[in-house]
Amino acid sequence: VLILVGLLSAVLLLVNLQMGSLLARAQLEETANHLQIQALLAANNLQDPLSGYRHEFEEHEDDDDDHGDHHDDSEDDERQRAVSHLPDWATNYAEETKAQVTITDGKGRALLGDRSPLTTQELQLARNGQPFHRWTAHSIFATAPVLRKEHLLGVVRLAIPRGEASTRSRRLSLSLALASVLALALALAAAVVLSRRLVQPLKRLEQNAVRASRGEWDQAVSVEGEDELASLSQAFATMLTELQDTFERQRRFVSNASHELRTPLTRLKLRTEALVDGGIDDEKIAKKFVREIDGQVDRLTRLTNSLLDLARLEEKPELQTTAEPVSVLKEVAASLSRTDRRMIVKLPDSLPPVRLSPESLELLMVNLLENAFKHTSPGGEVRLTAERTDSGMTVVVEDNGEGISPEHLPHLFERFYRADHARTDGGTGLGLALVKASVLSAGGTVRVESQKGQGSRFVVDLPGC
Ligand code: ADP
């Protein structure tokens, strides 16, 4: 605001100075022109044969001729006397025009009024039959020739003080300055209002950022209007929400991971303590506890491996590819087939290569198929199909097992999410998270369709490469 007002003041000052001097000049010029018209009218009046004054000039001229070129006061007096009617005319005219009237003869010598002679320029122009105006520091002068045909009989000179013209131009300059000050005040007010409008939302954003940095996420970022600041606030609000979600996910992840690790560790501790406290002496109990310990270690290993796989898949996209996905799908299906549940496999002869390492593709399929078997009762059916698509391939794993309640579906691919927490089927809740991470790292998508009691269907789309 200060810079704006400073610049504006400087510009207005310059404009005012420039305009002030232009106005002063224009005023002088106008007044002088006006005076010149008056002088011309006066000269016209004097040279008009009907007015009777011309005769006085002519008379004086004759007089002048008689006396030759001698100039002294007595000659001047004579000239004065010769023009007997002119003084009355001049007095009237001076009253009319408020100007000082001087009348000279054809040689520029004063007959009436101001004694100062005409300037050479004035006289020269008068001889050429031209009027003239000029100004000095204090007065404005206008001259007009009194002619008889081409011959210069005399000159009328009007003079007025410069004061009036100066006062008028000063008055105009003052109004201009006042208008400028008013414009400046308005600009200042507008700048203050604008800067407030700009600064206040920025301050709010700053406060929100400071609060967010202190961990106070649940604060509303106000978004008003449709300008750039509003979209900045909107972007900031979106960023805050996303950060909040990320932190919340991370917090849940750490808490879930600790919980998942703590359970087998507690069981391990209980069994080792029981063994130390004498259980080791009873061979039957010792064997049972060691088997349990082995199971918990397996679980911990599975959990750790899954976490490592997840971290690897989420960290960077897969660089390796599987040139022949069909063989990987066939191998996985063969290794998981069970006698108590039917497995139908429908695969084409070949599928396009995909941007997933054979190990990751295997991990993905194992997780989907193991889940399908796990949630299907004996006698049920698991179906694996795959087909080529325009962009790559689609793999579908279906079962006619227990299905999933609608409320679980949106969370199924989250880490550690289990639809039925009460079940102790050895699951870690990381299987589908791993499926999603590997599909995403290959640039694909995964979705689930399911109805409670009727089975589930997982559809994976993978782009070719
Ligand atoms: P888990 O290790 O518990 O199997 P997953 O991430 O693989 O974890 O699966 C998450 C949850 O999704 C499971 O706890 C299970 O309740 C549900 N689920 C996954 N696949 C199926 C399926 N084919 N049928 C029914 N429920 C399933």
Side-chain angles (χ1 to χ4, degrees), residues 249 252-253 255-264 267 295-314 329 332-333 335-338 340-345 359-386 394-441 444-460:
R249 270 203 304 278
R252 264 210 316 272
F253 174 70
S255 127
N256 287 337
S258 326
H259 181 75
E260 292 296 327
L261 286 169
R262 201 174 51 193
T263 314
R267 287 190 184 151
Q296 293 305 326
V297 171
D298 278 350
R299 185 176 160 78
L300 276 175
T301 311
R302 269 204 312 280
L303 193 71
T304 318
N305 283 339
S306 298
L307 285 174
L308 285 173
D309 284 337
L310 252 182
R312 174 177 59 80
L313 286 166
E314 284 179 350
L329 297 188
V332 175
S335 70
L336 291 179
S337 67
R338 291 161 63 158
D340 54 350
R341 288 147 173 91
R342 226 151 74 86
M343 186 174 188
I344 298 166
V345 181
E359 293 74 33
S360 297
L361 183 61
E362 185 182 328
L363 189 73
L364 187 162
M365 293 314 302
V366 167
N367 274 303
L368 287 178
L369 286 168
E370 271 188 352
N371 273 349
F373 281 120
K374 205 158 53 176
H375 297 283
T376 309
S377 324
E381 188 179 285
V382 173
R383 187 183 277 265
L384 165 67
T385 51
T394 300
V395 182
V396 180
V397 175
E398 283 179 272
D399 65 69
N400 59 358
E402 64 196 42
I404 306 160
S405 303
E407 73 266 23
H408 296 304
L409 290 177
H411 307 288
L412 225 54
F413 294 97
E414 287 173 15
R415 290 179 284 192
F416 297 112
Y417 191 84
R418 272 175 295 190
D420 186 357
H421 279 277
R423 263 170 80 146
T424 48
D425 53 14
T428 56
L430 288 174
L432 288 180
L434 270 169
V435 167
K436 182 161 186 184
S438 44
V439 169
L440 286 183
S441 84
T445 56
V446 57
R447 63 178 193 278
V448 56
E449 298 155 8
S450 183
Q451 274 194 344
K452 192 74 186 156
Q454 293 190 9
S456 312
R457 181 179 142 92
F458 288 83
V459 183
V460 175

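In each ligand, atom 1 is the first atom listed, and ligand 1 is the first ligand listed.
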Exercise for the section: Compare all side-chain heavy atoms of Leu430 with those of Phe416 and state whether any distance is below 4.5 angstrom. Expected result: yes

Problem - Close-contact set for ligand 1 against Ile404 heavy atoms, below 4.0 Å - result: 25 (C), 26 (N), 27 (C)

Exercise for the section: Report yes or no: does Asn367 have a heavy atom closer than 4.0 Å to ligand 1? Expected result: no

Handout entry: Interfacing atoms of ligand 1 (cut-off 4.0 Å, heavy-atom, Ala372)
Key = 23 (N)

Practice task
Report the part of Ser456 (side chain from C-beta onward, or backbone N, CA, C, O) that has a heavy atom under 4.0 Å from ligand 1; answer both or neither where that applies.
Solution key: side chain

Practice task
Mark up the atoms of ligand 1 that fall under 4.0 Å of a heavy atom belonging to Phe458, in ascending order.
Solution key: 20 (N), 23 (N)

Exercise for the section: Would you please determine whether Gly403 falls within less than 4.0 Å of ligand 1 on a heavy-atom basis? Expected result: yes

Handout entry: N/O donor-acceptor pair under 3.5 Å between Arg267 side chain and Gln296 backbone
Key = no

Handout entry: Numbered atoms of ligand 1 (with element) below 4.0 Å of Arg418, judged on heavy atoms
Key = 3 (O), 14 (O)

Problem - Audit row: Leu368, Leu432, side-chain contact (heavy atoms from CB on, under 4.5 Å) steps and yes/no - result: CA-CA 7 Å; Leu368 287 178; Leu432 288 180; 3.9 Å; yes

Exercise for the section: Would you please determine whether Lys374 falls within less than 4.0 Å of ligand 1 on a heavy-atom basis? Expected result: yes

Side chains of residues 451-458: which donor-acceptor partners sit under 3.5 Å, not counting sequence neighbours?
unit_1, atom_1, unit_2, atom_2, d
Ser456, OG, Ser450, OG, 3.0
Arg457, NE, Glu449, OE1, 2.9

Exercise for the section: Mark up the atoms of ligand 1 that fall under 4.0 Å of a heavy atom belonging to Gly431, in ascending order. Expected result: 5 (P), 6 (O), 7 (O)

Practice task
Test Glu260 against every option in Arg418, Arg415, Arg252 by the salt bridge (charged side-chain N to carboxylate O under 4.0 Å, His left out) rule and name the one that passes.
Solution key: Arg418

Donor-acceptor contacts, no H, no angles, side chain residues 377-385, under 3.5 Å, sequence neighbours left out:
unit_1, atom_1, unit_2, atom_2, d
Glu381, OE1, Arg342, NH2, 2.9

Exercise for the section: Kindly indicate whether the side chain of Ser360, heavy atoms from C-beta on, has any atom under 4.5 Å from the side chain of Leu313. Expected result: yes

Handout entry: Whether Gly429 lies under 4.0 Å from ligand 1, heavy atom
Key = yes

Exercise for the section: Output the list of atoms in ligand 1 that are nearer than 4.0 Å to some heavy atom of Leu412, sorted by atom number. Expected result: 12 (O)

Exercise for the section: Number the atoms of ligand 1 from 1 as they appear, then name those within less than 4.0 Å of a heavy atom of Tyr417, with their elements. Expected result: 10 (C), 11 (C)

